[in-house]
Amino acid sequence: MGRGTAVGVSASVGGGGGLNLITGGWGRRRMWCRAKGRAMFRVPTCVLTGVGPPRVTGGHAVDRYVQIGSLTKPLTGTLLARMAETGAVRLDDPVERWLPAPPGTGITLLNLARHTSGLPRLPPGLRGRDPYAAFGPAELLRLVRGMDTVAVRPPGEEEYSNLGYAVLGAALAAAGGAGYEELLDTYVLHPAELTGVSADPAPGRRLLAPGLAGTRRRPWTMNGAILPAGGLWATPRAVAGLVVGLLVERRLGEPAVSWQTAGPLRWHNGATRDASVFAGAAEDGRWVVVHRLNGRSEDTDRAALEALRREG
């Protein structure tokens with residue numbers, strides 16, 4: 001769902017205003033990728049920046065819904081911040097205030113948002129070709145009840161955790177008395193005037209990764225308990241809207257702690273089995289969104305950083 005690290009993100013902006021790339025130039029964009037050393041899959045690509053029209057290749061589309069993986073996390077973090085502003089929760093609320101976790105774990109809602117809860121990267125026991133399909137609310141609550149034994153680090157130490165964001169989403173839903181998607185719309189999407197984001201878009205509006213002989217690859221099922229960590233779908237145009245709205249114009253105030261930072265760049269990436277995305281904005285107002293189907297997520301990161309460098 002995204003690694004929490006982007007290939008080639010530099011901590012500084014060069015004197016000419018362009019973003020430095022640790023790994024060097026991007027080179028020609030890959031339009032095909034090889035899976036398991038045999039099959040060649042097309043790599044639809046969509047690039048949006050603050051300069052010029054969207055660049056769409058390989059059959060991508062700016063107004064079709066695509067999986068955004070861990071780019072869901074900044075929206076969940078923004079939801080936490082907004083609910084804290086209204087007094088619905090406190091950032092230092094222990095998890096057990098809202099969920100049946102053991103008392104005294106020391107894990108707060110802010111720990112979950114900052115990846116300092118000590119919970120593991122993934123929920124234990126995932127398996128199969130569609131690993132999150134069976135990870136529902138009952139499975140999440142089972143892990144919450146044993147959270148003191150599930151944790152792999154003490155609170156305060158960093159451990160990028162998809163499980164932590166699943167727990168955070170469940171806690172916010174319990175505190176808000178509504179489902180995650182309803183709360184997200186109420187506190188984040190509607191106030192920021194953002195559309196084109198959904199947990200379950202109509203099948204006809206989805207854009208799936210191309211397979212062989214004109215087929216489409218089946219996406220992971222991520223609308224269960226894992227949703228707040230990486231299950232949202234959005235159009236690339238909507239992703240551009242959230243970058244501009246939340247990072248550039250800051251319609252809802254200071255960006256949430258869920259965004260990663262590297263010098264003047266705030267960013268987040270995301271990846272599912274067949275989709276990857278990078279979204280970010282620099283302090284000078286430059287911004288970029290790159291979404292790709294098939295291909296390597298590391299290449300998506302590099303393409304985004306190169307596009308941002310060219311924009312400067």
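Throughout, numbering of the chain's residues begins at 1 and tracks the sequence.
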Would you name the heavy atoms of [X] and [Y] that are closest together and state the gap between them?
| X | Y | answer |
| --- | --- | --- |
| P155 | T105 | CG-O, 3.3 Å |
| L109 | R90 | CD1-O, 3.7 Å |
| V197 | A234 | CG2-CB, 4.1 Å |
| P228 | T76 | O-OG1, 2.7 Å |
| E96 | G104 | OE2-N, 3.1 Å |
| P123 | I226 | CG-CD1, 4.4 Å |

Check whether [X] and [Y] end up in the same hydrophobic cluster, where Ile, Leu, Val, Met, Phe, Trp and Tyr are linked by side-chain heavy atoms less than 4.5 Å apart.
| X | Y | result |
| --- | --- | --- |
| V144 | L227 | yes |
| M222 | Y65 | no |
| L247 | V188 | yes |
| L91 | V167 | yes |
| L172 | W259 | yes |

Using 0.5 Å steps for rounding, measure from the [atom1] atom of [X] to the [atom2] atom of [Y].
| X | Y | atom1 | atom2 | answer |
| --- | --- | --- | --- | --- |
| L189 | L184 | CG | CG | 4.0 Å |
| L126 | E139 | CG | CD | 10.5 Å |
| W220 | T272 | CH2 | OG1 | 6.5 Å |
| I107 | S117 | CD1 | OG | 5.0 Å |
| I68 | S276 | CD1 | OG | 12.5 Å |
| L75 | L246 | CG | CG | 6.5 Å |

Taking only residues two or more places apart in sequence, or in another chain, which ones meet [X] in a side chain to side chain donor-acceptor pair (under 3.5 Å)?
| X | answer |
| --- | --- |
| R237 | D63 |
| T108 | N111 |
| R216 | none |
| R205 | none |

Is the closest side-chain heavy-atom distance between [X] and [Y] below 4.5 Å?
| X | Y | result |
| --- | --- | --- |
| W267 | V288 | no |
| Y132 | T221 | no |
| L119 | L112 | yes |
| P236 | L48 | yes |
| F278 | L305 | yes |
| V289 | V47 | no |
| P44 | R292 | no |

Stepwise side chain to side chain contact (heavy atoms under 4.5 Å, CB included) test for E306 and E311: CA-CA 9 Å; E306 177 64 16; E311 187 181 339; over 6 Å; no
What pairs of residues pass the salt bridge (Lys or Arg N to Asp or Glu O under 4.0 Å) test when at least one of them lies in [range], not counting sequence neighbours?
| range | answer |
| --- | --- |
| residues 147-170 | R153-E157, R153-E159 |
| residues 169-195 | none |
| residues 255-273 | E254-R266 |

Tell me if a side-chain donor or acceptor on [X] pairs with a main-chain N or O of [Y] at a distance below 3.5 Å.
| X | Y | answer |
| --- | --- | --- |
| R251 | A192 | yes |
| N269 | L71 | no |
| T72 | L232 | yes |
| K73 | A229 | yes |
| H291 | Q67 | yes |
| R286 | L308 | yes |
| N294 | R42 | yes |

Other residues, nucleotides, ligands: >12 heavy atoms within 6.0 Å of R250 CZ: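 Atom CZ in R250 is crowded, with more than 12 foreign heavy atoms closer than 6.0 Å.
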Would you please name every residue forming a side chain to side chain contact (heavy atoms under 4.5 Å, CB included) with [X], sequence neighbours left out?
| X | value |
| --- | --- |
| R206 | D200, P201, L208, W233 |
| V56 | C46, P54, H60, V62 |
| P137 | none |
| T86 | A88, Y187 |

Pair S161-R121, side-chain donor/acceptor within less than 3.5 Å: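 No donor-acceptor contact under 3.5 Å links the two side chains.
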Derivation of the side chain to side chain contact (heavy atoms under 4.5 Å, CB included) call for L143 and L163: CA-CA 9 Å; L143 293 176; L163 174 58; 4.0 Å; yes
Salt bridge present between R82 and E85 (N-O < 4.0 angstrom):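 Answer for the salt bridge query: yes.
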Side chain to side chain contact (heavy atoms under 4.5 Å, CB included) evaluation trace for L140 with F135: CA-CA 7 Å; L140 177 63; F135 185 60; 3.8 Å; yes
Partner set under ring-ring contact (aromatic ring centres under 6.0 Å, His included) for Y165, not counting sequence neighbours: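 Once residues adjacent in sequence are excluded, the partners of Y165 under the ring-ring contact (aromatic ring centres under 6.0 Å, His included) criterion are H115.
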Worked verdict on T78 versus L252 for side chain to side chain contact (heavy atoms under 4.5 Å, CB included): CA-CA 8 Å; T78 304; L252 301 182; 3.9 Å; yes
